[in-house]
Amino acid sequence: MGQTIFIPRELEAIESRVGASPDTVKRLVGLGFAVVVETGAGTLSRIPDADFAAVGAVIGKASDAAKADVVLKVRRPSEAELKGYKPGAAVLATMDPYGNDAAVAAMAKAGVTAFAMEFMPRITRAQVMDVLSSQANLAGYQAVIDGASEYDRALPMMMTAAGTVPAAKVFIMGVGVAGLQAIATARRMGAIVTATDVRPAVKEQVASLGAKFLAVEDEEFKAAETAGGYAKEMSKEYQAKQAALTAEHIAKQDIVITTALIPGRPAPKLVSAQMVASMKPGSVLVDLAVERGGNVEGAQPGKVVTTTNGVKIVGHLNVPGRVAASASLLYAKNLFAFLETMVDKTSKQIAINRDDELVKATMLTDGGKVVHPNFVNAAAAAADKPKPIVAGQNRGDDPASDGTAKAAPKKATPKTVAAKADKPAAANKPAAAKKPAAQPKKSSQGDA
């Protein structure tokens, strides 16, 4: 009997992507799997239920997750969702585990084998599985579109009989996958583009796209990239020198796009309030790292803030999800490519090879335990630590509640539920690892 793969509808209000496409569903069915897609799962990605059904999927409901051997998601499952999964099910998603130890422990307790797609190693065979690159590429593109929309002026230079419209000046801070795509998009739209990054390897890449590179090129700068291509966190001294160099530059810019993220850490502050205050009225800053604290002082998650001097700071959440129809197609292909490596072609069954380097790098939980070395100790501590009972806040599906809240003394005051959204993954993660095919080959995961 064939195994079942379940594609749920994402529950987060800001999540418009889905973990499958008609193409990947067709391929999964061709491999011998029964595929169940929750009704409405693809609606926000412009994939109607009928398109999934036409390629062999069964349109079901959320409770169908109970019979699934594999669940393909965009975001980490909540505790409420985990209650409906069967033990031993493989769950592939962007897990956002850093700082969410209790959520990781909850997946272990549920008995699922969870894979964090954002931990996919930067090796040749895994390029097609790299969710960070596929989603950051679109985030970089959309950041320019959002910046241009808020700018309210033309980006290219236009020479007309009535006069000349000057080209907009766009500054990209952080040149990983998102940054490279932002440069390429802004250049295609006719802007004058400059870019900066702490890694010396990207200088040539920036120039190849027709932009100018700006950085303090001292000895620390020359060693500012890890062996894996990630951006290192720079010293306070270097950050001060870089800030001094960029402060004057930012004051002259029309649009600034920041993309800097460091794996497992808050986003570094790149643009101070003083820099924002120095910009011209009508200038725009787009912060792709806002979900991790932001690169721009004054950025607010999910908001477009207008400062007293008329500068707009754009802090959209889940930027890849703003182009969900495209993002879902790429993300679904990433998931399928990874899952396909686990399929035994003879038995047509999922057969996870725990010695495979891709599995080792991405597996978070397995057999009721947290197994990823980066989270074993933290998750154990989170599981052992008594969870606080906060009147008016805890729910049965809240990470802060394990059900004991029901036994707490009743209060006279009514409960209120503080709804919390999980942090999005495609722009939240330490940023992307590989560049789009049209870009120079080497890149970094040090951006959004």
Side-chain angles (χ1 to χ4, degrees), residues 136 139-156 166-198 202 206 209-216 231 239 242-261 267-301 303-316 319 322 427 431 446-448:
Y141 162 82
Q142 186 63 32
V144 177
I145 302 302
D146 288 338
S149 176
E150 297 293 344
Y151 182 52
D152 289 336
R153 294 170 178 83
L155 263 63
K169 296 177 181 178
V170 177
F171 184 38
I172 312 298
M173 304 184 74
V175 189
V177 172
L180 286 168
Q181 185 56 252
I183 292 170
T185 302
R187 287 288 296 143
R188 285 194 294 267
M189 295 178 72
I192 297 171
V193 184
T194 53
T196 187
D197 196 283
V198 299
V202 304
V206 169
L209 293 172
K212 293 184 179 180
F213 188 71
L214 181 77
V216 175
Q239 290 181 34
Q242 181 73 359
L245 177 66
T246 58
E248 182 178 356
H249 188 69
I250 284 177
K252 303 173 184 177
Q253 302 304 299
D254 299 306
I255 299 174
V256 176
I257 298 173
T258 66
T259 72
L261 282 171
K269 283 291 182 284
L270 303 180
V271 181
S272 67
Q274 291 77 14
M275 294 178 187
V276 175
S278 74
M279 298 181 73
K280 303 183 297 290
S283 301
V284 179
L285 294 117
V286 181
D287 192 340
L288 286 182
V290 70
E291 294 161 0
R292 285 287 183 179
N295 300 141
V296 181
E297 192 169 350
Q300 296 185 28
K303 296 183 179 180
V304 177
V305 177
T306 302
T307 66
T308 55
N309 62 317
V311 175
K312 292 183 178 180
I313 305 175
V314 180
H316 292 310
V319 176
R322 293 173 63 78
D447 71 345

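Atom set for the values below is all heavy atoms of this structure, side chains included, hydrogens, waters and symmetry mates excluded.
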Requested in this report: Show your working on side-chain hydrogen bond (donor to acceptor under 3.5 Å, both in side chains) between Q274 and S278 and close with a plain yes or no.
Outcome: CA-CA 6 Å; Q274 291 77 14; S278 74; over 6 Å; no

Report task. Kindly indicate whether the side chain of V286, heavy atoms from C-beta on, has any atom under 4.5 Å from the side chain of T258. Result -> no

Requested in this report: Determine the minimum heavy-atom distance between L155 and A148, stating which atoms define it.
Outcome: CD1-CB, 3.8 Å

**Report entry** Nearest-0.5 Å distance that lies between atom CG in N295 and atom CG in D287
**Finding:** 5.0 Å

Query raised in the report: Say you draw a straight line from OH of Y141 to CZ of R322; how long is it, rounded to the nearest 0.5 Å?
Result: 11.5 Å

Report task. Grab the two heavy atoms, one from A195 and one from I183, that are nearest each other, plus how far apart they are. Result -> CB-CD1, 3.7 Å

Requested in this report: Identify the two heavy atoms, one from A260 and one from L270, that lie closest to each other, and give their separation to 0.1 Å.
Outcome: CB-CD1, 3.7 Å

Query raised in the report: Heavy-atom distance under 4.5 Å between the side chains of V202 and F213, does that happen here?
Result: yes

Query raised in the report: Is any side-chain heavy atom of P281 closer than 4.5 Å to a side-chain heavy atom of N309?
Result: no

Report task. Could you walk me through whether L214 and H249 pass the side chain to side chain contact (heavy atoms under 4.5 Å, CB included) test, one step at a time? Result -> CA-CA 9 Å; L214 181 77; H249 188 69; 3.7 Å; yes

Requested in this report: Go through E297 and V271 one step at a time and tell me if the side chain to side chain contact (heavy atoms under 4.5 Å, CB included) criterion holds.
Outcome: CA-CA 6 Å; E297 192 169 350; V271 181; over 6 Å; no

Query raised in the report: Can you find a pair of side-chain heavy atoms, one from K212 and one from I192, that are under 4.5 Å apart?
Result: no

Requested in this report: Indicate the atoms forming the closest heavy-atom contact of A289 with L261, along with that distance.
Outcome: CB-CD2, 3.8 Å

Query - Check: K269 side chain, G294 main-chain N or O, donor-acceptor pair, under 3.5 Å - result: yes

Requested in this report: For residues T306 and V311, determine if any side-chain heavy atom of one lies less than 4.5 Å from a side-chain heavy atom of the other.
Outcome: no

Requested in this report: For D254 and S283, run side-chain hydrogen bond (donor to acceptor under 3.5 Å, both in side chains): C-alpha distance rounded to whole Å, both residues' side-chain angles, the deciding distance at 0.1 Å, then the answer.
Outcome: CA-CA 5 Å; D254 299 306; S283 301; 4.9 Å; no

Query raised in the report: Say you draw a straight line from CD of Q253 to NZ of K169; how long is it, rounded to the nearest 0.5 Å?
Result: 6.5 Å

Report task. Please answer whether the main-chain N or O of Y151 pairs with a side-chain N or O of R153 as donor and acceptor at a distance below 3.5 Å. Result -> yes

Query - Note, I255 side chain near L285 side chain (heavy atom, < 4.5 Å) - result: no

Query - Any donor-acceptor N/O pair, R292 side chain to A267 backbone, under 3.5 Å - result: no

Query - Residue pair I172 / A182: nearest heavy atoms and the distance that separates them - result: CD1-CB, 3.8 Å

Requested in this report: Report yes if the side chains of V144 and I257 come closer than 4.5 Å at any heavy-atom pair, otherwise no.
Outcome: yes

Query - V276/I313 under side chain to side chain contact (heavy atoms under 4.5 Å, CB included): CA gap, chis, key distance, verdict - result: CA-CA 9 Å; V276 175; I313 305 175; 4.3 Å; yes

Report task. List the steps, then state whether side chain to side chain contact (heavy atoms under 4.5 Å, CB included) holds for V290 with Q300. Result -> CA-CA 7 Å; V290 70; Q300 296 185 28; 5.9 Å; no

Report task. Flag the pair T246 / M275 as yes when at least one side-chain heavy-atom distance between them is below 4.5 Å, and no otherwise. Result -> yes

Query raised in the report: For Q181, does its backbone N or O pair with a side-chain atom of T185 as donor and acceptor, under 3.5 Å?
Result: yes

